[in-house]
Amino acid sequence: MHIEILKDEEAALLKSLIEQSEKIVVCSHQNPDGDALGSCLGLAEYLKRQGKEPLIAVPDAYPDFLQWLPDSQTIVRFDKHKETVENALANAELVFCLDFNRAERLGNDMCQVLKASPAKKVMIDHHPDPDLDTVLSISHPEMSSTCELLFRVEWQLGGFEEMTKKGAVSIYCGMMTDTGGFTFNSSKPEIFFIISQLLTKGFDKDKVYRNVFHNYSDWRMRLMGYVLYQKMRVFHDWHATYFAISRQDIKRFHFIKGDAEGLVNLPLQIKGISLSISLREDTEHENLVWVSLRSVDNVACNEIAERFFNGGGHRNASGGRLYCSLEEAEKTAMEAIKWHAEKQN
């Protein structure tokens with residue numbers, strides 16, 4: 001099956017950049033998810049096999065249910081080790097920007113550090129409308145995940161035969177999480193060819209699934225029940241739902257990073273619902289509300305995210321943020337739902 005993604009000149013440039021660079025940084029976006037971490041760890045594993053010693057840098061904490069990923073302990077967080085990341089980016093010869101299309105997705109502080117770095121930059125990403133200053137941009141929004149893109153790149157560069165089990169697990173995890181366990185944006189046969197090849201490296205894909213989706217605390221389960229029973233508002237005539245999680249809710253249910261992961265998908269199990277919106281009040285900053293959107297079929301939640309929530313993303317999975325109170329955010333969610341309903345009619 002043909003899965004090569006690079007033009008010959010792009011492949012040659014990428015090989016040359018890696019060969020000629022000794023100081024390499026691999027970074028990803030704020031609030032890193034499975035695809036962000038999986039692609040960073042997968043690429044780092046490939047670079048190590050090329051004799052390199054890359055530093056992986058992310059802006060802040062990642063979910064508890066991803067801390068089992070191989071070599072995740074090597075990841076350097078900017079919010080905890082600012083000087084280390086600043087020095088690495090200032091002295092880097094090559095920086096890989098994975099799973100983000102704009103420097104702003106690193107957060108204000110790390111964004112400025114990346115922009116100031118004199119290193120040559122390579123982007124590998126599947127988000128639309130890229131806007132990064134790079135020497136090579138491997139941007140394909142039609143792909144399921146950045147990890148799928150990374151596999152295709154490694155395959156084309158001849159790196160698959162030597163890929164380790166650790167590298168395969170990281171890439172598989174990123175593909176799995178960004179498709180909700182291969183339940184959306186994953187109907188292309190190439191995806192399952194890639195999975196079949198990854199499985200030749202000898203890992204247990206069922207265990208990877210359990211590590212991610214069956215690794216929550218009892219408080220996360222209680223939060224889920226509370227959200228569905230008490231907080232979810234359903235608008236059958238408009239084929240949409242939303243729920244809002246407050247700081248008080250977060251404290252009450254002993255919230256840890258990742259506990260809200262996947263909650264926004266649950267209302268889509270309701271018959272006739274095509275749009276789900278999650279609002280979550282930030283625990284540290286006043287008037288900051290994090291927004292997640294999910295949709296099915298041809299409902300473009302990325303358009304809704306751009307129009308109402310200062311965000312964007314993919315057609316069926318997007319995010320954003322609002323700088324207001326939670327009550328005001330709920331009003332905005334209602335405006336978005338009404339706009340969605342009018343557009344569908």
For residues 2-10, which side-chain N or O atoms pair as donor and acceptor with protein atoms under 3.5 Å away, sequence neighbours left out?
{"residue": "His2", "atom": "ND1", "partner": "Glu4", "partner atom": "OE1", "Å": "2.9"}
{"residue": "Glu10", "atom": "OE1", "partner": "Lys7", "partner atom": "N", "Å": "2.9"}

*Specify whether His214 and Tyr209 have parallel, tilted or perpendicular ring planes, treating 30° as the upper limit for parallel and 60° as the lower limit for perpendicular.*
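Judged by the thresholds at 30° and 60°, the geometry between His214 and Tyr209 is perpendicular.
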
Would you kindly confirm whether [X] and [Y] end up in one hydrophobic cluster when ILVMFWY residues are joined by side chain heavy atoms under 4.5 Å apart?
X	Y	value
Trp155	Leu199	yes
Phe65	Leu223	no
Leu47	Val135	yes
Val212	Met221	no
Ile24	Val153	yes

Can you find a pair of side-chain heavy atoms, one from [X] and one from [Y], that are under 4.5 Å apart?
X	Y	answer
Asp282	Trp290	yes
His236	Ile270	yes
Tyr46	Leu157	yes
Leu55	Thr84	yes
Lys115	Glu104	yes
Val122	Val95	no
Phe309	Arg321	no
Glu83	Phe78	no

Residues, nucleotides or ligands: over 12 heavy atoms within 6.0 Å of [X] [atom1]:
X	atom1	answer
Asp218	CG	yes
Lys201	NZ	yes
Asp133	CG	no
Asp206	CG	yes
Lys23	NZ	no

Is [X] salt-bridged to [Y], going by a charged N under 4.0 Å from an acidic O?
X	Y	answer
Asp259	Arg220	no
Glu342	Lys338	no
Lys166	Asp71	yes
Lys120	Glu93	no

Check: [X] side chain, [Y] main-chain N or O, donor-acceptor pair, under 3.5 Å:
X	Y	result
Lys207	Phe203	no
Lys52	Glu19	yes
Arg233	Phe243	no
Ser21	Leu17	yes
Ser117	Leu89	yes
Ser318	Asn302	yes
Ser276	Val264	yes
Ser28	Leu98	yes
Glu328	Ser325	yes
Arg49	Glu162	yes

How long is the span from the [atom1] atom in [X] to the [atom2] atom in [Y], to the nearest 0.5 Å?
X	Y	atom1	atom2	result
Phe308	Trp339	CZ	CH2	6.0 Å
Asp64	Ile256	CG	CD1	4.5 Å
Arg307	Lys343	CZ	NZ	7.0 Å
Gln269	Thr241	CD	OG1	11.0 Å
Asp35	Ser170	CG	OG	11.5 Å
Cys111	Asp109	SG	CG	9.0 Å

*What residue among Glu284, Glu286, Glu281 forms side-chain hydrogen bond (donor to acceptor under 3.5 Å, both in side chains) with Arg247?*
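Of Glu284, Glu286, Glu281, side-chain hydrogen bond (donor to acceptor under 3.5 Å, both in side chains) with Arg247 is met by Glu286 alone.
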
*Establish, for the pair Arg222 and Trp219, whether the NZ or CZ atom is under 6.0 angstrom from the six-membered ring centre and no further than 45 degrees off its axis.*
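Yes, Arg222 sits over the ring of Trp219.
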
Quick one: do the [X] and [Y] side chains pair a donor with an acceptor below 3.5 Å?
X	Y	answer
Glu330	Tyr242	yes
Glu335	Thr332	no
Asn316	Ser295	yes

*Please check if the distance between the ring centroids of Phe151 and Phe160 is under 6.0 Å.*
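Yes, the ring of Phe151 comes within the 6.0 Å limit of the ring of Phe160, centre to centre.
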
Show me the side-chain donor-acceptor pairs of residues 177-188 shorter than 3.5 Å, one per line, residues at least two apart or across chains.
{"residue": "Thr177", "atom": "OG1", "partner": "Cys173", "partner atom": "O", "Å": "2.9"}
{"residue": "Thr177", "atom": "OG1", "partner": "Gly174", "partner atom": "O", "Å": "3.2"}
{"residue": "Asp178", "atom": "OD2", "partner": "His126", "partner atom": "NE2", "Å": "3.1"}
{"residue": "Thr179", "atom": "OG1", "partner": "Met175", "partner atom": "O", "Å": "2.8"}
{"residue": "Thr179", "atom": "OG1", "partner": "Met176", "partner atom": "O", "Å": "3.2"}
{"residue": "Thr179", "atom": "OG1", "partner": "Phe182", "partner atom": "N", "Å": "2.9"}
{"residue": "Thr183", "atom": "OG1", "partner": "Thr179", "partner atom": "O", "Å": "3.3"}
{"residue": "Thr183", "atom": "OG1", "partner": "Gly180", "partner atom": "O", "Å": "2.8"}
{"residue": "Ser186", "atom": "OG", "partner": "Phe182", "partner atom": "O", "Å": "3.3"}
{"residue": "Ser186", "atom": "OG", "partner": "Phe184", "partner atom": "O", "Å": "3.3"}
{"residue": "Lys188", "atom": "NZ", "partner": "Glu142", "partner atom": "O", "Å": "3.4"}

List the atom pairs, with distances to 0.1 Å, where a side-chain N or O of residues 224-232 and a protein N or O form a donor-acceptor pair under 3.5 Å, not counting sequence neighbours.
{"residue": "Tyr226", "atom": "OH", "partner": "Asp249", "partner atom": "OD1", "Å": "3.0"}
{"residue": "Lys231", "atom": "NZ", "partner": "Ala244", "partner atom": "O", "Å": "3.4"}
{"residue": "Lys231", "atom": "NZ", "partner": "Asp249", "partner atom": "OD2", "Å": "3.1"}

_Could you go through Thr164 and Glu45, starting from their C-alpha distance and side-chain angles, then the distance that decides it, and tell me whether this counts as side-chain hydrogen bond (donor to acceptor under 3.5 Å, both in side chains)?_
CA-CA 8 Å; Thr164 66; Glu45 189 269 344; 2.6 Å; yes

*Where do Asp99 and His29 land on the side-chain hydrogen bond (donor to acceptor under 3.5 Å, both in side chains) test, with the steps shown first?*
CA-CA 7 Å; Asp99 202 37; His29 58 75; 2.9 Å; yes

